[in-house]
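Everything below concerns the one structure shown next.
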Protein chains: 2
Amino acid sequence: MTQKQTNPVRRGRPPKNGYSPEETRQRLIRQGIEVFTEKGFSSSGLDEILRQEKVPKGSFYHYFQSKEAFGEAVITEYAQYFANKLDRNFNNEQLSPMQRLQSFVDEACHGMQKHKFKRGCLIGNLGQELGSLPPAYRVQLDSVFLNWQMRLGLLLQAAQEAGELSKDEDTKALSAFFWIGWEGAILKSKLEISEQPIRLFIQYFMRLCR
Amino acid sequence: MTQKQTNPVRRGRPPKNGYSPEETRQRLIRQGIEVFTEKGFSSSGLDEILRQEKVPKGSFYHYFQSKEAFGEAVITEYAQYFANKLDRNFNNEQLSPMQRLQSFVDEACHGMQKHKFKRGCLIGNLGQELGSLPPAYRVQLDSVFLNWQMRLGLLLQAAQEAGELSKDEDTKALSAFFWIGWEGAILKSKLEISEQPIRLFIQYFMRLCR
DNA sequence: ACAATTGTAGACGATCGGTCTATAAATAAA
DNA sequence: TTTATTTATAGACCGATCGTCTACAATTGT
């Protein structure tokens with residue numbers, strides 16, 4: 001019926017490490033997410049990313065056209081990963097809408113601790129770095145935020161339906177406000193090496209919703 | 001009585017450009033604020049800063065011990081500049097306390113536009129860059145925020161005295177919340193090339209205060 | 001056997017932060 | 001006046017590291 005996922009007829013020199021080209025590509029992107037999230041795009045070298053995945057430097061341009069194209073793929077992958085995290089929490093039928101938001105926050109706090117407050121949010125980090133970033137990234141980052149904003153907007157609408165949030169509230173504006181504060185909270189959380197700023201922000205945000 | 005401010009007996013080769021050594025130092029720091037605010041610390045070279053002020057590279061280490069020491073001076077100067085801006089607005093007796101906060105916001109929005117949304121806040125930018133910064137910067141940046149937080153805390157107390165803010169509010173927590181949201185708003189403002197995020201944040205913050 | 005394809009390997013030039021030596025221009029001491 | 005000392009300029013230079021490129025190794029198809 002269907003062919004094997006990896007092309008059965010495969011020409012050319014085989015990969016030296018055990019991984020298929022698609023796997024290697026994916027592994028590089030994953031590593032890119034980690035490194036760029038911690039150290040930013042401009043001050044991160046490809047060497048570091050390649051070294052960890054045991055991919056020789058010369059091979060990089062076999063997998064990606066340039067560092068810029070690589071960064072684009074990294075951003076896309078991170079956006080996807082984060083959107084999944086949002087969906088997982090925001091669609092949890094076990095909890096009320098506002099409880100789902102709280103569970104997302106708890107999960108994020110746990111993640112911050114796990115990485116010793118060194119990572120935070122790739123999108124936010126790159127946003128601050130805009131001045132030394134390829135110009136095309138700006139619109140990409142902006143649209144990622146818009147996507148998250150839409151997802152939260154839906155949750156807030158559900159909260160309205162459930163009577164947890166006044167129907168007078170502008171859910172679009174409120175969710176835009178959330179992500180504004182969120183990025184600030186992540187920043188201060190890294191600076192203070194504490195999840196307290198995140199907790200503080202959420203506390204006031206929740207108050208705003210009552 | 002008192003000697004002239006610039007030492008009257010001055011040995012050694014005089015500066016070539018018209019500026020005194022202190023002036024040159026100050027000019028380099030000013031330029032450093034601009035460049036670091038736009039492009040960050042790690043991805044900015046000393047060359048760029050020196051070129052603009054027509055200071056030869058070799059002279060740099062006459063004025064500063066290292067790039068790290070230079071950055072420290074830049075942060076300190078920016079913190080001072082920003083604290084002055086806060087004081088100028090927060091101590092304006094012509095306005096009520098909450099009006100003073102609003103006037104600060106208006107001024108900041110004007111500044112963002114003036115620089116075409118490319119600059120934002122040096123402290124916030126460096127905060128996001130923490131992973132690739134000299135470790136000593138973290139505590140320095142943190143203490144700058146603490147200073148701003150204290151200044152806003154005093155204003156909020158004045159607002160309480162003036163009956164503009166409930167005395168039940170924890171002014172410390174509220175001002176911490178303000179700076180969290182503020183940095184997020186500046187970030188999104190740069191991303192969207194619009195002052196709308198700042199306006200949106202302030203709108204909700206003001207609502208929280210009533 | 002030879003072309004086409006695919007991944008590997010390191011050379012390469014540019015640029016960075018930081019340091020070095022040489023020197024210019026002033027005053028202090030001889 | 002001459003020489004020493006101080007202060008600032010000037011740019012060459014070094015090792016490290018950046019992103020990119022070219023050569024080639026290893027496989028399959030004809």
Side-chain angles (χ1 to χ4, degrees), chain A residues 4 6-28 31-32 35-36 39-74 129 132-134 136-137, chain B residues 3-4 6-28 31-32 35-36 39-74 129 132-134 137:
Chain A
K4 278 198 296 187
T6 55
N7 197 336
V9 277
R10 223 204 127 283
R11 300 184 58 172
R13 174 172 175 169
K16 202 164 187 180
N17 54 17
Y19 303 101
S20 76
E22 294 77 19
E23 279 173 330
T24 298
R25 217 185 113 91
Q26 203 60 29
R27 282 156 51 86
L28 287 175
Q31 190 63 30
V35 174
F36 289 163
K39 311 205 317 173
F41 179 78
S42 306
S43 41
S44 295
L46 295 177
D47 276 337
E48 179 180 352
I49 294 166
L50 294 166
R51 203 183 315 123
Q52 300 218 31
E53 297 297 335
K54 305 239 190 278
V55 173
K57 193 164 186 181
S59 298
F60 178 80
Y61 289 85
H62 176 66
Y63 294 102
F64 300 96
Q65 199 187 11
S66 64
K67 191 191 183 189
E68 174 167 348
F70 176 62
E72 207 176 289
V74 169
E129 217 183 335
S132 44
L133 247 42
Y137 285 13
Chain B
Q3 294 194 332
K4 278 198 294 189
T6 54
N7 199 337
V9 277
R10 219 206 132 283
R11 303 183 57 172
R13 173 173 176 169
K16 200 165 189 180
N17 54 17
Y19 304 101
S20 73
E22 293 77 18
E23 280 172 329
T24 298
R25 216 186 114 92
Q26 203 61 27
R27 282 157 50 86
L28 287 175
Q31 190 64 29
V35 174
F36 290 163
K39 311 206 312 168
F41 179 79
S42 305
S43 40
S44 296
L46 293 177
D47 278 337
E48 178 180 355
I49 293 165
L50 294 165
R51 204 183 315 122
Q52 299 218 34
E53 296 296 334
K54 304 236 189 281
V55 173
K57 189 165 186 182
S59 296
F60 178 80
Y61 290 85
H62 177 65
Y63 293 103
F64 300 96
Q65 198 188 11
S66 64
K67 191 192 182 188
E68 176 168 346
F70 176 63
E72 207 176 291
V74 168
E129 216 183 334
S132 44
L133 248 43
Y137 285 12

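Below, read A as the first sequence line, B as the second, and so on, with proteins coming before strands; counting in each chain starts at 1.
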Rounded to the nearest Å, what distance is computed from the [atom1] atom of residue [X] to the [atom2] atom of nucleotide [N]?
{"X": "A:Asp47", "N": "C:dT15", "atom1": "CG", "atom2": "C1'", "result": "15 Å"}
{"X": "A:Phe60", "N": "C:dT6", "atom1": "CZ", "atom2": "C1'", "result": "17 Å"}
{"X": "B:Glu48", "N": "C:dA14", "atom1": "CD", "atom2": "P", "result": "20 Å"}
{"X": "A:Arg51", "N": "D:dA16", "atom1": "CZ", "atom2": "C1'", "result": "12 Å"}
{"X": "B:Leu50", "N": "D:dA10", "atom1": "CG", "atom2": "P", "result": "12 Å"}
{"X": "A:Lys54", "N": "C:dA9", "atom1": "NZ", "atom2": "C1'", "result": "16 Å"}
{"X": "B:Ile49", "N": "C:dC16", "atom1": "CD1", "atom2": "C1'", "result": "13 Å"}
{"X": "B:Phe41", "N": "C:dC16", "atom1": "CZ", "atom2": "P", "result": "14 Å"}

| query | Hey, does B:Tyr61 reach any base, or is it just sugar-phosphate, or nothing, if we go heavy atoms under 4.0 Å? | reply |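 The answer is base, as B:Tyr61 lies within the cut-off (heavy atoms under 4.0 Å) of a base atom.
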
| field | Touch class at under 4.0 angstrom, heavy-atom based, for A:Ser44 against every strand present | value |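 If one applies the 4.0 Å heavy-atom cut-off, A:Ser44 turns out to touch the sugar-phosphate alone, with no base involved.
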
Between [atom1] on residue [X] and [atom2] on residue [Y], distance to nearest 0.5 Å:
{"X": "B:Leu46", "Y": "B:Phe60", "atom1": "CG", "atom2": "CZ", "answer": "4.5 Å"}
{"X": "B:Gln26", "Y": "B:Tyr63", "atom1": "CD", "atom2": "OH", "answer": "12.5 Å"}
{"X": "B:Asp47", "Y": "B:Lys57", "atom1": "CG", "atom2": "NZ", "answer": "4.0 Å"}

Check side chain to side chain contact (heavy atoms under 4.5 Å, CB included) between [X] and all other residues, then give those that pass, not counting sequence neighbours.
{"X": "B:Pro134", "result": "B:Phe41, B:Glu68, B:Tyr137"}
{"X": "A:Ser42", "result": "A:Glu129, A:Ser132, A:Leu133, B:Ser43"}
{"X": "B:Gln52", "result": "B:Gln31, B:Glu48"}

| field | Nearest non-hydrogen partners of B:Gly32 and B:Ile49, listed with the distance | value |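 Between these two residues, the closest heavy atoms are CA-CD1, 4.1 Å.
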
| said: Roughly what angle, to 10°, lies between the helix axis at the start of the helix from C:dA1-D:dT30 to C:dA30-D:dT1 and the one at its end, five pairs per end? | reply: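 Inter-axis angle at the termini of the helix from C:dA1-D:dT30 to C:dA30-D:dT1: 40°.
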
| Choosing from C:dG18, D:dT9, C:dT8, which nucleotide comes nearest the side chain of B:Tyr63? |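 Of the candidates, D:dT9 comes closest.
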
| message | Side chains of A:Leu28 and A:Phe64, heavy atoms from C-beta outward: is any pair under 4.5 Å? | response |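 A side-chain contact exists here, since the closest heavy-atom pair is under 4.5 Å.
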
| So, is A:His62 near the phosphate of C:dG7, with a side-chain N or O under 4.0 Å from OP1 or OP2? |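 Yes, because at least one side-chain N or O of A:His62 sits under 4.0 Å from OP1 or OP2 of C:dG7.
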
Using atom names, set out every protein N or O paired with an N or O of nucleotides 10-12 of chain C below 3.5 Å, distance rounded to 0.1 Å.
unit_1	atom_1	unit_2	atom_2	d
C:dG10	O6	A:Gly58	N	3.1

| field | DNA chain D-proximal residues of residues 65-72 of chain A, any heavy atom under 4.0 Å | value |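 Contacting residues: A:Ser66, A:Lys67.
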
